[in-house]
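In what follows, a single structure is set out as structure tokens and then discussed.
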Amino acid sequence: MSSPASPATAGLSARGAAARDAMHAIRSLALMGPAAAGKTLLAEALLHRAGMLGAPGSLERGSTVSDFDPLEKRLQHSLNSAVMHFAHDGTRVHLLDTPGTPDALGQSLPALEAVDTAAIVINAAAGLEPMALRLMAQAAERGRDRILIVNKIDAPGVDLPGVLAQLQAAFGRECLPLNLPSAGAARVVDCFFQRQGSADFSSVADAHRALVEQVVEVDAAFVERYLNEGDLDASELHAPLEEALRQGHLIPVCFVSARTGAGVKELLDVIVRLLPDPTESNPPAFLRGEGEEAQPVQATADPALPVLAHVFKVLQDPYVGKLGVLRVHQGTLKRDMQLLIGDARKPFKVGHLFRLQGKEHLPIDEALPGDIAAIAKVDALHFDAVLHDSPDDGRLHLAPLSFPTPVHGLAISPQRHGDEQRLWELLQKLVDEDPCLRLEHVAATHETVVFGLGELHLKVLLDRLREQHHCEVQTQLPKVAYRETITGQAVGQYRHKKQSGGAGQFGEVHLRVAPLARGEGQRFVDEVKGGAIPGSFMPAVEKGVHEALAAGVVAGFPVVDVQVTVYDGKHHSVDSKDIAFTTAARKATWLALQEARPLLLEPIVSLELQLPTGSLGDLTGDLASRRGQVTGTDQLAGGWSEVRALAPAAELQGYQSRLNALTGGQGRYTLALSHHEAAPPNVQLQMAKEWQRHDEG
């Protein structure tokens with residue numbers, strides 16, 4: 001017989017049980033999808049129906065909970081992900097509203113690390129769009145449960161059966177309606193718990209049967225029962241339903257109108273009754289270690305275990321400073337506890353713990369597994385940080401998200417001289433908030449360049465600099481990063497001799513240059529024998545060689561794919577100095593490059609473009625006029641195509657405007673550096689003349 005528990009032990013046990021019960025009553029989902037799908041207004045409708053708002057907010061009035069940023073209010077669409085919460089039927093729901101433009105993927109994709117369910121919102125009037133395809137694929141890659149929400153079912157002329165057919169064609173037979181529009185889309189009728197009902201199209205009975213058959217397929221025992229008994233009570237199918245969602249064997253479809261409220265109550269019931277709690281979803285992809293040696297680590301949604309939390313969003317709040325928004329995956333995060341960031345050895349104290357409601361910060365004492373919370377005033381917090389309270393977890397990190405590469409560049413400089421350092425610091429803060437922004441000082445062109453995902457992405461950054469930080473800047477398209485190389489071999493020698501009364505300068509360098517294979521860079525070789533150039537001066541010689549290679553001889557761009565071999569020289573026991581050998585090597589290299597048939601290399605980029613199939617002919621013709629070459633074409637769902645091509649970077653500056661004209665504003669593209677190749681003779685001549693004029697000026 002076991003001894004009775006002490007009052008203290010019983011109290012701990014009761015608190016632990018209460019925490020577990022509270023954790024099971026947590027849901028989290030992100031509203032994701034194309035721009036104009038109605039995600040923000042759907043969030044307003046859910047908050048209103050759950051009793052959190054007296055009335056839904058309006059985009060036109062700038063009164064929505066999630067679009068609280070001044071820029072969002074002015075533009076009337078989301079630019080940032082926003083965190084909200086509400087309660088329904090005793091369940092706490094964490095809701096993320098994410099932006100839908102491709103330029104804002106740095107804000108929307110991290111939401112997948114914070115939630116158990118990705119809710120992809122489809123605009124019924126527009127049908128399936130490329131952004132929805134992309135987000136569905138990303139959610140599947142991260143192992144999130146997925147649900148499709150068809151919004152705007154009351155829009156004039158919508159073809160709802162056609163939209164459902166589109167979704168099933170794109171995502172397979174596992175894409176099944178949980179409810180169907182009824183009474184002319186004035187309401188919706190449940191198809192999972194109900195066996196019969198009236199719908200605007202299809203059949204509730206058929207939809208119910210398809211759902212039950214799809215769900216029971218993941219559990220052999222339920223398959224046998226279904227075959228023996230016929231229909232099963234949907235209330236018994238919770239466990240196989242959650243397994244079907246985890247496997248992606250079921251992708252539910254819900255119909256709703258955020259404008260009229262049709263289907264909103266039913267969607268709330270789906271969230272609470274059918275979507276997973278933190279223990280029922282696929283666990284996060286934690287890894288211990290780096291590279292090929294990294295080992296998967298299982299995080300367990302248990303409030304009693306050590307804390308594991310992940311920062312999926314960082315922002316600079318005007319009132320509380322730096323704010324790290326996080327998802328708790330394991331343990332109980334409490335105010336005033338000590339936490340570690342990654343492999344840091346010095347802990348910090350959780351002095352400020354909040355639950356977010358748009359721009360509002362609501363103080364809380366603790367956050368359980370499945371909760372989304374925020375920590376303020378910890379400067380060391382950064383995007384993708386793992387917070388923990390066990391030194392053994394210092395090397396844990398999440399598998400990286402597949403972010404698109406930011407390649408749209410903008411050279412930026414302060415309008416007022418002397419503000420360079422302040423501008424750099426402000427840019428760094430903005431880049432820290434968005435993993436799809438990149439800041440770089442390009443040595444080859446002496447420019448500070450911000451790279452983003454598109455013109456809108458960079459315009460928003462400039463607006464923030466001006467409106468929030470009162471920093472006026474000048475911008476221009478970044479200079480194309482040409483390179484130079486040589487096609488032949490040559491020798492060069494130069495004697496630097498200077499006498500000015502006191503100690504003189506003397507150094508003589510003999511060298512030869514030779515081309516290397518494309519992509520091999522620069523190579524310096526020392527073949528000096530007999531001490532003609534003492535070894536102590538060889539670093540100075542190498543410095544002079546690299547200075548000459550950095551300056552170029554055709555148009556002032558760095559010389560690549562070249563080997564410089566120093567084979568002889570002379571020195572003076574008194575007058576030889578580092579500066580003399582640096583100068584001699586620089587000028588000898590320049591003379592040799594001039595004789596080695598130099599040429600200009602232009603950067604070639606690879607493009608991936610998504611556009612309506614009807615615009616394909618115009619696009620390929622335009623690319624050909626820009627010296628582009630199409631390398632492949634794929635047909636996508638919904639009348640869209642993807643084109644892969646190669647083209648000179650110089651021909652694509654500001655290309656989004658041209659693509660908008662060709663595709664009615666619907667085309668998008670990404671690009672990445674592929675290689676460098678010889679520029680056409682007319683380009684070489686033009687660049688050489690421009691450099692000569694600049695040099696003479």
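Note that the structure is predicted; figures quoted are calculated from it, not measured. Below, all heavy atoms of this structure are taken into account, side chains as well, without hydrogens, waters or symmetry copies.
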Ile372 side chain reached by Leu356 side chain, heavy atoms, under 4.5 Å = no

Answer yes or no: is there a donor N or O on one side and an acceptor on the other, between the side chain of Ser63 and the main chain of Ser58, under 3.5 Å?
-> yes

Evaluate whether atom CZ of Arg438 has more than 12 neighbouring non-hydrogen atoms of other residues, nucleotides or ligands under 6.0 angstrom away.
-> yes

Got Ile271 and His88 here, is their nearest side-chain heavy-atom distance under 4.5 Å?
-> no

How long is the gap from CG on Leu437 to CD on Gln428, to the nearest 0.5 Å?
-> 10.5 Å

Side-chain heavy atoms of Asn123 within contact of Pro34, under 4.5 Å | no

Student check: side-chain heavy atoms of Val264 and Val256 closer than 4.5 Å = yes

Examine distances only and state if a side-chain atom of Lys152 and a backbone atom of Ala36 form a donor-acceptor pair shorter than 3.5 Å.
-> yes

Side-chain (Thr117) to main-chain (Arg146) donor-acceptor, under 3.5 angstrom = no

Donor-acceptor pair, side chain of Arg246 and main chain of Glu280, under 3.5 angstrom | yes

Does the pair Val350 and Leu339 meet the rule for a side-chain contact (heavy atoms from CB on, under 4.5 Å), with working shown?
-> CA-CA 7 Å; Val350 181; Leu339 285 181; 3.7 Å; yes

Would a distance-only check, ignoring hydrogens and angles, find a side-chain to backbone donor-acceptor pair under 3.5 Å from Arg464 to Leu430?
-> no

For residues Asp154 and Ser257, is any side-chain donor paired with an opposing acceptor at under 3.5 Å?
-> yes

Any side-chain donor-acceptor pair under 3.5 Å between Asp103 and His408?
-> no

Ser66 side chain near Met84 side chain, heavy-atom distance below 4.5 Å = yes

Does the side chain of Gln474 come under 3.5 Å of the side chain of Gln415 through a donor N or O and an acceptor N or O?
-> no

Among His388, His397, His329, find the residue that satisfies the ring-ring contact (aromatic ring centres under 6.0 Å, His included) test when tested with Phe286.
-> His329

Could you check if a side-chain atom of Val643 sits within less than 4.5 angstrom of a side-chain atom of Leu611, using non-hydrogen atoms only?
-> yes

Distance-only polar pair, side chains of Glu447 and Gln476, donor-acceptor under 3.5 Å | yes

Donor-acceptor contact present, side-chain Thr279 to main-chain Ala301, <3.5 Å = no

Any donor-acceptor N/O pair, Arg144 side chain to Met136 backbone, under 3.5 Å = no

Going by distance alone, is a donor N or O of one side chain under 3.5 Å from an acceptor N or O of the other, for Thr40 and Ser78?
-> yes

Is the closest side-chain donor-acceptor distance between His94 and Asp371 under 3.5 Å?
-> yes

Look at the side chain of Glu44 and the backbone N and O of Gly57, then say whether any donor-acceptor pair between them is shorter than 3.5 Å.
-> yes

